[in-house]
Amino acid sequence: MSIKWKTASTNWFMHFCVEVVCFYCLYRLFDGGDYWWIMAISYDALAFAPQVVIGEFFEKHPKIKPFPIGGITLIIGAIIMILGENAGTLFFTVELIGLFFLTIGNGIMHIAGALRTLRVSDGRLSESAIFVGGGSFGVITGRLLAKSSGAFIVIMILMLAATILSELETRSDGSDNNFIKIPCKHDLVKDIPIAHIVLILGGIVVVRGYIGYGLPTAWNQTTIQTIFLFCFMGLGKMLGGVLSDIFGARKVGVLSCLIAIPCLLISNNIMWLSLIGVALFSMTMAITLGGLVSALKDKPGIAFGVTTLGLFLGTAPMFFFGLPSRMICDILITVMSILSATGFMYCLKKNR
Amino acid sequence: MIDIILKLDGARPFREGRAATPFVDDIVSNTVLFIIAVVVIVAIFVIIENIKGNRKNKNSSKKDSDAK
């Protein structure tokens, strides 16, 4: 196993910067204010749900370069949103326009990173998992930087640098700058109907998105503890892919789901045990993505879009119904984790 | 206009993604919901079309290998 570190780290950095920009704008302009609910749900919906369509578009048009288009769209959106802060009565209208550009840019960058890491990885999950893991670090960094207005220029320079680096990286491996034509070699799933795999693995992502809000983290009271929480989420996502390549996706998927249950249930006030549970819980992300890519051969953009759509569908109920009681959350975590492990056993090959 | 509607509707905090206020029916919320529903339906449609396409490819490649 030889991970393509240049591809993985460049896309990690790109994903990190994308989330820093998005969460900086959201938290700087709306945190807890009148528009928070509507902007948060609009951001979730417009960034996550259309990635299937964006993925299909870039797969059908391999000559169009997603990194520069996505990066520039994102930067334009962020500038509109920050300038709109002083738009007076037009504030909400300007912010909605900015948010539209920001989310579409976000979606394009995610799809570009997924296409790049999945197609050049020779069937491994490590590259895409490392790419996905960058997001959690970016979310918490963006949230923390939101308190400083001067950080915006630094963030914009970083985003521009990430866009240029990502584009240059695609030209560095002799794939004639056309990486979207490189075939995916992932082969994790059994010979069962594709619809079953998409429904089960997509369902696991929905469940993960929903119970992710209900994880017991009463210990999380300070900023440094929140930083730990997000870092362990990111580490879990990255480790999920790396460990799958070493020990097999099925083994890692099933074990991480099952071991996460006791870690999460008894650790409401025990930070380190809870963090291990959160990391284990996050490991399934790369495995579901790998399974979906194996099923939807040569459609990694669609496969990645299924996971982001699943995440949106999983988080959407929170906007309308809030969180159930602690006891219901614990029951959900237990039942859904066991069902997820069963789903992995049904869909994934034994020796993979 | 939307600004006024939102102000009339009052603040709806959504702090830390952990607690949402009950859903209040109004024109902005409904418009947002409608757009989200359209986006989700289009995305699901694209997924179904791709599953169908992949199934056809799988069947035809199976037939090809059987014929060989």
Side-chain angles (χ1 to χ4, degrees), chain A residues 30-42 44-46 48-56 59 88-93 96 191 193-195 197-199 202 212-214 217 220 226 295-299 301-303 305-306 308-309 312-313 315-323, chain B:
Chain A
F30 308 109
D31 185 18
D34 287 4
Y35 301 106
W36 185 228
W37 184 91
I38 203 157
M39 293 311 260
I41 193 171
S42 303
D44 261 15
L46 293 176
F48 289 158
Q51 286 190 29
V52 173
V53 184
I54 295 171
E56 179 161 61
E59 273 163 4
T89 51
L90 287 172
F91 173 76
F92 185 62
T93 314
L96 273 185
D191 192 17
I194 297 166
I197 296 168
V198 173
L199 273 176
Y213 277 115
T217 51
N220 182 17
T226 310
L296 294 162
K297 279 274 182 230
D298 281 329
K299 302 268 185 186
I302 306 279
V306 172
T308 56
L309 179 66
F312 170 66
L313 293 177
T315 51
M318 290 301 305
F319 287 94
F320 303 107
F321 308 113
L323 201 63
Chain B
M1 182 64 189
I2 296 170
D3 276 309
I4 297 164
I5 294 164
L6 264 178
K7 272 172 193 156
L8 285 175
D9 189 37
R12 284 180 293 183
F14 181 67
R15 288 179 191 280
E16 305 294 321
R18 289 196 175 266
T21 49
F23 179 56
V24 184
D25 240 358
D26 63 28
I27 190 166
V28 180
S29 307
N30 285 335
T31 311
V32 169
L33 270 185
F34 176 74
I35 294 166
I36 292 170
V38 170
V39 172
V40 170
I41 289 166
V42 171
I44 292 171
F45 177 76
V46 171
I47 293 167
I48 292 170
E49 284 302 304
N50 275 281
I51 291 173
K52 280 183 190 168
N54 269 47
R55 198 190 294 155
K56 273 181 195 166
N57 287 346
K58 205 177 169 183
N59 289 343
S60 63
S61 61
K62 226 175 203 175
K63 276 180 190 168
D64 286 349
S65 61
D66 287 348
K68 278 178 188 173

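First the proteins, then the strands, lettered A, B, ... as listed; each starts at 1. Since we're looking at a predicted model, the values are computed, not measured.
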Please round to the nearest 0.5 Å and tell me the distance separating atom CD1 of B:Ile35 and atom CD1 of A:Ile41.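 It comes to 11.5 Å.
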Distance (rounded to the nearest 0.5 Å) between A:Ile194 CD1 and B:Ile47 CD1: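 Output value for this atom pair is 13.5 Å.
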Of all heavy-atom pairs between B:Val40 and A:Ala49, which one has the smallest distance, and what is that distance?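 Distance-wise, the nearest heavy atoms are CG2-CB, 4.2 Å.
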How far apart are the closest heavy atoms of A:Ala45 and B:Ile36, and which atoms are they?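 Heavy atoms of A:Ala45 and B:Ile36 come nearest at CB-CG1, 3.3 Å.
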State which residue, out of A:Val306, A:Leu199, A:Leu296, fulfils the side-chain contact (heavy atoms from CB on, under 4.5 Å) condition with B:Ile51.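 Of the listed residues A:Val306, A:Leu199, A:Leu296, the side-chain contact (heavy atoms from CB on, under 4.5 Å) partner of B:Ile51 is A:Leu296.
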Between A:Leu309, A:Thr315, A:Val53, which residue shows the highest count of heavy-atom pairs closer than 4.5 Å to chain B?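 Result: the option with the highest number of such pairs is A:Leu309.
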Engaged part of [X] at the chain B interface, taking heavy atoms whose separation is under 4.5 Å:
X	value
A:Phe48	neither
A:Ala316	neither
A:Leu313	side chain

